[in-house]
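Here is the structure we will look at.
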4 protein chains.
Amino acid sequence: MKLRVDLNSSIPATRQIAEALRVHLVEGSLRPGAKLPSVRRLAMELGVHFNTVAEAYRQVASEGWLDLRHGRSATVIERAAPAPRKADLAEYRQRLRELISQMRAKGVSQSKIAEELRCFAEELKS
Amino acid sequence: MKLRVDLNSSIPATRQIAEALRVHLVEGSLRPGAKLPSVRRLAMELGVHFNTVAEAYRQVASEGWLDLRHGRSATVIERAAPAPRKADLAEYRQRLRELISQMRAKGVSQSKIAEELRCFAEELKS
Amino acid sequence: MKLRVDLNSSIPATRQIAEALRVHLVEGSLRPGAKLPSVRRLAMELGVHFNTVAEAYRQVASEGWLDLRHGRSATVIERAAPAPRKADLAEYRQRLRELISQMRAKGVSQSKIAEELRCFAEELKS
Amino acid sequence: MKLRVDLNSSIPATRQIAEALRVHLVEGSLRPGAKLPSVRRLAMELGVHFNTVAEAYRQVASEGWLDLRHGRSATVIERAAPAPRKADLAEYRQRLRELISQMRAKGVSQSKIAEELRCFAEELKS
DNA sequence: GTGGTCTAGACCACG
DNA sequence: GTGGTCTAGACCACA
């Protein structure tokens, strides 16, 4: 498992790590039963404080992906996929619309954005 | 032009207003030359402090959408699209990826997400 | 409103502050609508870091006592008293039994403990 | 003597074991002279690592309840009740107050709480 | 060895 | 002015 974090990015390291973990979890490269590296080890590898990693683990655990208990290493657990609520979908659509507005506001062209979206859509197909 | 803000929401009012403006600007319901309501009037309508609206106007203006000068009403301007910085693009891609992971974590199926993305991409083409 | 915290105590300041707030809230000296002092002001008064107070506020707010929103001062809110669940009562009884065992283990005499308990019971009557 | 520990509980095993022992010791079901099961045996029964049991024994022993020596089984001893330190008493009073606030916050009525306290006080008298 | 807590300081966002 | 976030370091608790 390899995680990339960019310490110079304006996106906080905690969020980057949590997000990278979610990607692995969602995509199946981290399966139930797998043990994550210890917070301290991963922190050293990434060049961040161990609390930064610990917080990321906690966030992901609070979403039901990890069993995180004192003294034991963090373990991926079987996770009952919740049924998506309609309200959630509407909210996500709204957030997507806002994200696109922001991109256009920052000067990214419509065609470039459309290309990005299609690119992600393709990735999901596989 | 109608803006919806929910004062009880945990999303801060400033951001809600700025987002709503951006959506209108980007989607064309606010065209160059259009005049926005005065800060105080809009504030009264929305039930927020006028500074809150002023801050939202300033944010949107700083992105090049508005001509904001003392004594005149805020006017939408034809804006030279700023060159998107590479770092920005990377950040937006990251945020998009994150949004998608969250949707999947919430139980939205891959195909459903892909469909949403393509749908937005189509809208942008036109 | 006066809060006492003992920085030399082994009990963490955050917990002491949260607890002191709870006592005021439960006993009615902080009523719905009342505004708490700002985290920074209270922190200065108590001689702790403002984050310590902020965390205490957050804990109490998460129990439904406070309206805690960015930029506004913390306000006591009307709180629907939840119906006590039976399981809760059993748990509290267990915790009380454990607390008493610990006191006896530390050398506090039975009669002294009984006296304490009766003393608290009296306070509650009024 | 039977101890219940719940390995799935968020309460750590060590604490659960130590608490359970204290309750037995204080309430008299473990009297001076009684021998506790060996660390390994109890650990096996409870399904925990023997170090976990050993740590619990050590904690209880450090409070003067047990004679814990290499090669002999842990034995309950007649203990000279240690003099309670004033600071301890204050801390316990604080914890009791905290427990009561929590009960009230959870919706348990004052009179119900007072009744519980008096009930425990009576038990101690005998 | 593991993860967790508490405190702290620099900086940010909101009104 | 308000509260909040992020990172950090010393120390603690658990297995």
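Bear in mind the structure is a predicted one, so any value in this text is a computation, not a measurement. Numbers restart at 1 for each chain; the letters A, B, ... are given by sequence-line order, proteins then strands.
At a cut-off of 3.5 angstrom, counting only N and O atoms as typed in the model, there is no donor on one side facing an acceptor on the other between the side-chain of C/His70 and the base of E/dG15.
The CD-C1' distance, from C/Glu55 to E/dG4, rounds to 13 Å in whole Å. Atom CG in C/Leu42 sits roughly 12 Å away from atom P in F/dT2 (whole-Å rounding). One interatomic measurement links the two molecules: CD of B/Gln16 to P of E/dC14, which rounds to 11 Å at whole-angstrom precision. One can place CD of D/Glu19 at 11 Å from P of F/dC14, the figure rounded to the nearest angstrom. Nucleotide E/dT5 holds its C1' atom 15 Å from the CD1 atom of C/Ile17, rounded to whole Å. The CE atom of C/Met44 sits 16 Å away from the C1' atom of E/dG9 (whole-angstrom rounding). Atom pair A/Asp67:CG and E/dG4:P shows a separation of 10 Å (rounding to whole Å applied). Between A/Arg41 atom CZ and E/dG3 atom P there is a gap of 11 Å when expressed in whole angstrom units.
Residue contacts for A/Arg58: at a heavy-atom cut-off of 4.0 Å it reaches a base atom on one of the strands shown. Across all strands, A/Asn51 comes closer than 4.0 Å to base atoms (heavy-atom distances). The residue A/His49 sits close to a base: some heavy atom pair falls under 4.0 Å. C/Arg40 comes within 4.0 angstrom of a base, heavy atoms only.
How far OH of B/Tyr57 is from CG of B/Leu66: 8.0 Å, rounded to the nearest 0.5 Å. Here CD of D/Glu98 is found 13.5 Å from CE of D/Met103. Values are rounded to the nearest 0.5 Å.
Salt bridge status for A/Arg69 with A/Asp67: present, with a side-chain N to carboxylate O gap under 4.0 Å.
Under the salt bridge (charged side-chain N to carboxylate O under 4.0 Å, His left out) test applied with B/Glu63, the options B/Arg79, B/Arg58, B/Arg22 reduce to a single match, B/Arg22.
Nearest nucleotide to the side chain of C/Ser38, out of E/dC11, F/dT2, F/dC11: F/dT2. Set against F/dT5, F/dA15, F/dG3, the side chain of D/Pro12 has F/dA15 as its closest nucleotide.
Between C/Leu36 and D/Gln59, the residue whose closest nucleotide on DNA chain F is further toward the 5' end is C/Leu36. For the pair A/Val48 and C/Phe50, both in contact range of DNA chain F, the more 5′-proximal nearest nucleotide belongs to C/Phe50. With DNA chain E read from its 5' end, the first of the two nearest nucleotides for C/Arg15 and A/Val39 is the one closest to A/Val39.
A 3.5 Å limit on both hydrogen-bonding distances identifies E/dG3 as the Watson-Crick or G-U partner of F/dC12.
Proximity of A/Thr14 to the phosphate of F/dT7: a side-chain N or O atom is located under 4.0 Å from OP1 or OP2. The shortest distance between the side-chain N/O atoms of C/Arg72 and the OP1/OP2 oxygens of E/dG15 is below 4.0 Å. At F/dC6, none of the side-chain N or O atoms of A/Thr52 fall inside 4.0 Å of OP1 or OP2 (strictly under the cut-off).
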**Request:** Might you work through the side-chain contact (heavy atoms from CB on, under 4.5 Å) test for C/Lys106 and D/Tyr92, ending with a clear yes or no?
**Result:** CA-CA 10 Å; C/Lys106 274 286 182 184; D/Tyr92 285 123; 3.1 Å; yes

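Residues D/Gln59 and D/Arg15 are not in side-chain contact: their nearest non-hydrogen atoms beyond the backbone lie 4.5 Å or more apart.
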